[in-house]
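All residue numbers in this chain count up from 1 along the given sequence.
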Amino acid sequence: MLDSEKDAYATKDEIVKAKLIRDEGVIFVSEAFGNPVQVEADIEDLLDLATYEALISECYQKELSGKTLKLNPKIPRVAKRYKAAFSEAGIEFQKTRPARLMLKKMATNPVDVVPPATVQRFEALFDVINKRMAKQVARVLKPFA
(Lines give C-alpha, C1' and ligand atoms only; values in the text may rest on other atoms or scores of the structure.)
Protein backbone atom coordinates (compact mmCIF):
# COMPACT_ATOMS: atom_id res chain seq x y z
CA MET A 1 0.00 0.00 0.00
CA LEU A 2 1.33 3.39 -0.99
CA ASP A 3 0.36 7.00 -0.40
CA SER A 4 -1.16 8.60 -3.47
CA GLU A 5 1.46 11.01 -4.75
CA LYS A 6 3.74 11.42 -7.74
CA ASP A 7 6.73 9.65 -6.15
CA ALA A 8 4.59 6.70 -5.08
CA TYR A 9 3.29 6.22 -8.63
CA ALA A 10 6.90 6.21 -9.84
CA THR A 11 7.77 3.65 -7.15
CA LYS A 12 4.91 1.46 -8.30
CA ASP A 13 6.13 1.63 -11.90
CA GLU A 14 9.66 0.71 -10.83
CA ILE A 15 8.70 -2.31 -8.74
CA VAL A 16 6.26 -3.57 -11.37
CA LYS A 17 8.84 -3.20 -14.16
CA ALA A 18 11.42 -4.97 -11.98
CA LYS A 19 8.85 -7.78 -11.59
CA LEU A 20 8.96 -7.57 -7.82
CA ILE A 21 5.17 -7.36 -7.66
CA ARG A 22 2.31 -7.47 -10.11
CA ASP A 23 0.50 -4.27 -11.00
CA GLU A 24 -2.67 -5.32 -9.20
CA GLY A 25 -0.64 -6.00 -6.06
CA VAL A 26 -0.09 -2.31 -5.44
CA ILE A 27 -2.84 -0.42 -3.67
CA PHE A 28 -2.96 3.34 -3.20
CA VAL A 29 -4.57 4.96 -0.16
CA SER A 30 -6.70 7.08 -2.49
CA GLU A 31 -8.58 3.95 -3.57
CA ALA A 32 -10.57 4.33 -0.34
CA PHE A 33 -12.13 7.47 -1.82
CA GLY A 34 -13.71 5.84 -4.86
CA ASN A 35 -11.92 7.80 -7.60
CA PRO A 36 -8.23 7.23 -6.90
CA VAL A 37 -6.94 8.88 -10.05
CA GLN A 38 -8.04 12.35 -8.99
CA VAL A 39 -7.21 12.19 -5.29
CA GLU A 40 -3.90 12.70 -3.52
CA ALA A 41 -4.01 10.95 -0.17
CA ASP A 42 -1.91 9.68 2.69
CA ILE A 43 -3.11 7.32 5.39
CA GLU A 44 -3.80 10.41 7.55
CA ASP A 45 -6.41 11.54 5.02
CA LEU A 46 -8.58 8.59 5.97
CA LEU A 47 -9.06 10.18 9.39
CA ASP A 48 -11.80 12.66 10.15
CA LEU A 49 -10.30 16.15 9.89
CA ALA A 50 -11.61 17.22 13.30
CA THR A 51 -10.04 14.12 14.87
CA TYR A 52 -6.69 14.82 13.20
CA GLU A 53 -6.82 18.45 14.33
CA ALA A 54 -7.52 17.34 17.92
CA LEU A 55 -4.58 14.91 17.81
CA ILE A 56 -2.30 17.67 16.49
CA SER A 57 -3.49 20.12 19.17
CA GLU A 58 -2.90 17.62 21.93
CA CYS A 59 0.45 16.22 20.91
CA TYR A 60 1.87 19.64 19.93
CA GLN A 61 0.26 21.55 22.80
CA LYS A 62 3.57 22.83 24.17
CA GLU A 63 4.99 23.90 20.80
CA LEU A 64 1.73 25.52 19.67
CA SER A 65 1.21 27.54 22.86
CA GLY A 66 0.55 31.13 21.80
CA LYS A 67 0.85 30.32 18.09
CA THR A 68 -1.75 30.08 15.38
CA LEU A 69 -1.30 27.74 12.46
CA LYS A 70 -2.25 28.99 9.02
CA LEU A 71 -3.42 25.94 7.11
CA ASN A 72 -3.43 26.20 3.33
CA PRO A 73 -6.65 24.54 2.09
CA LYS A 74 -5.13 24.27 -1.40
CA ILE A 75 -2.73 21.59 -0.15
CA PRO A 76 -4.76 18.41 -0.72
CA ARG A 77 -3.07 16.10 1.81
CA VAL A 78 -3.68 16.88 5.47
CA ALA A 79 -0.21 15.85 6.72
CA LYS A 80 1.45 18.00 4.04
CA ARG A 81 -0.90 20.88 4.95
CA TYR A 82 0.17 20.69 8.59
CA LYS A 83 3.83 20.28 7.70
CA ALA A 84 3.70 23.52 5.69
CA ALA A 85 1.84 25.37 8.45
CA PHE A 86 4.25 24.15 11.10
CA SER A 87 7.21 25.15 8.96
CA GLU A 88 5.76 28.64 8.56
CA ALA A 89 5.35 28.83 12.35
CA GLY A 90 8.96 27.71 12.87
CA ILE A 91 8.03 24.34 14.38
CA GLU A 92 9.30 20.98 13.22
CA PHE A 93 6.41 18.68 12.31
CA GLN A 94 6.64 14.91 12.64
CA LYS A 95 3.55 13.09 11.45
CA THR A 96 4.45 10.14 13.66
CA ARG A 97 3.53 12.12 16.79
CA PRO A 98 -0.22 12.32 16.10
CA ALA A 99 -0.10 8.73 14.84
CA ARG A 100 1.40 7.51 18.13
CA LEU A 101 -1.13 9.51 20.13
CA MET A 102 -3.96 8.02 18.07
CA LEU A 103 -2.74 4.49 18.72
CA LYS A 104 -2.51 5.23 22.44
CA LYS A 105 -6.07 6.60 22.46
CA MET A 106 -7.33 3.66 20.38
CA ALA A 107 -6.26 1.31 23.16
CA THR A 108 -8.54 2.98 25.70
CA ASN A 109 -11.38 4.65 23.79
CA PRO A 110 -11.51 3.88 20.06
CA VAL A 111 -15.02 5.29 19.57
CA ASP A 112 -13.81 8.84 20.27
CA VAL A 113 -10.85 8.51 17.92
CA VAL A 114 -12.59 6.78 15.03
CA PRO A 115 -15.92 8.41 14.14
CA PRO A 116 -18.25 6.75 11.59
CA ALA A 117 -16.89 8.66 8.57
CA THR A 118 -13.37 7.44 9.37
CA VAL A 119 -14.61 3.89 9.80
CA GLN A 120 -16.28 4.09 6.37
CA ARG A 121 -13.07 5.23 4.68
CA PHE A 122 -11.02 2.47 6.32
CA GLU A 123 -13.71 -0.08 5.43
CA ALA A 124 -13.53 1.08 1.80
CA LEU A 125 -9.76 0.64 1.81
CA PHE A 126 -10.01 -2.81 3.43
CA ASP A 127 -12.64 -3.74 0.83
CA VAL A 128 -10.15 -2.90 -1.95
CA ILE A 129 -7.43 -4.90 -0.18
CA ASN A 130 -9.72 -7.90 0.37
CA LYS A 131 -10.91 -7.93 -3.25
CA ARG A 132 -7.34 -7.79 -4.56
CA MET A 133 -6.29 -10.52 -2.16
CA ALA A 134 -9.20 -12.74 -3.21
CA LYS A 135 -8.20 -12.35 -6.87
CA GLN A 136 -4.63 -13.31 -6.04
CA VAL A 137 -5.66 -16.35 -4.02
CA ALA A 138 -8.19 -17.50 -6.64
CA ARG A 139 -5.82 -17.55 -9.58
CA VAL A 140 -3.07 -19.98 -10.17
CA LEU A 141 0.12 -18.23 -9.23
CA LYS A 142 2.64 -18.29 -12.03
CA PRO A 143 6.10 -16.76 -12.17
CA PHE A 144 6.49 -13.58 -14.14
CA ALA A 145 6.82 -14.24 -17.86
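Scanning all heavy atoms of the two residues, the minimum distance from A32 to A124 falls at O-CB, 3.4 Å. Here the closest non-hydrogen pair linking F28 and L125 is O-CD1, 4.1 Å. When all heavy atoms are compared, the tightest approach of P98 to Y60 is CD-CE1, 4.3 Å. Considering all non-hydrogen atoms of both residues, L47 and M102 come closest at CD2-CE, 3.5 Å. Smallest separation of non-hydrogen atoms from I21 and G25: CD1-O, 3.5 Å. Across every non-hydrogen atom of A89 and L69, the tightest pair is CB-CD2, 4.1 Å.
A distance-only check finds no donor-acceptor pair linking the side chain of S30 to the backbone of A41 [under 3.5 Å].
Not counting sequence neighbours, the partners of K131 by the side-chain hydrogen bond (donor to acceptor under 3.5 Å, both in side chains) test are D127. Residues that satisfy the side-chain hydrogen bond (donor to acceptor under 3.5 Å, both in side chains) test with K105, not counting sequence neighbours, are E58.
The OG1 atom of T118 lies 11.0 Å from the CG atom of D45; values are rounded to the nearest 0.5 Å. With rounding to the nearest 0.5 Å, the separation of CD1 in I15 from CG in L2 is 6.0 Å. Put simply, CZ on R100 and OG1 on T96 are 4.5 Å apart, with the number rounded to the nearest 0.5 Å.
Applying the salt bridge (charged side-chain N to carboxylate O under 4.0 Å, His left out) test to every pair with at least one member in residues 77-89, sequence neighbours left out, gives these pairs: E5-R77, E40-R77, D42-R77.
In terms of hydrophobic clustering, with Ile, Leu, Val, Met, Phe, Trp and Tyr side chains grouped at heavy-atom distances under 4.5 Å, I75 and I91 are assigned to different clusters. Residues L103 and F126 are members of separate hydrophobic clusters, defined by side-chain heavy-atom contacts under 4.5 angstrom among Ile, Leu, Val, Met, Phe, Trp and Tyr. Cluster membership for L20 and V26, using ILVMFWY side-chain heavy atoms within less than 4.5 angstrom, is shared.
Residues L64 and F86 meet the side-chain proximity criterion, which asks for heavy atoms closer than 4.5 Å. By the 4.5 Å heavy-atom criterion applied to side chains, Y52 and L46 are not counted as neighbours.
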In sequence, state the C-alpha distance, the side-chain angles, and the governing distance for L55 and R97, and then conclude on side chain to side chain contact (heavy atoms under 4.5 Å, CB included). CA-CA 9 Å; L55 291 168; R97 282 177 66 176; over 6 Å; no
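A salt bridge is defined here as a Lys NZ or Arg NE, NH1 or NH2 lying under 4.0 Å from an Asp or Glu carboxylate O, and K95 with E44 meets this definition.
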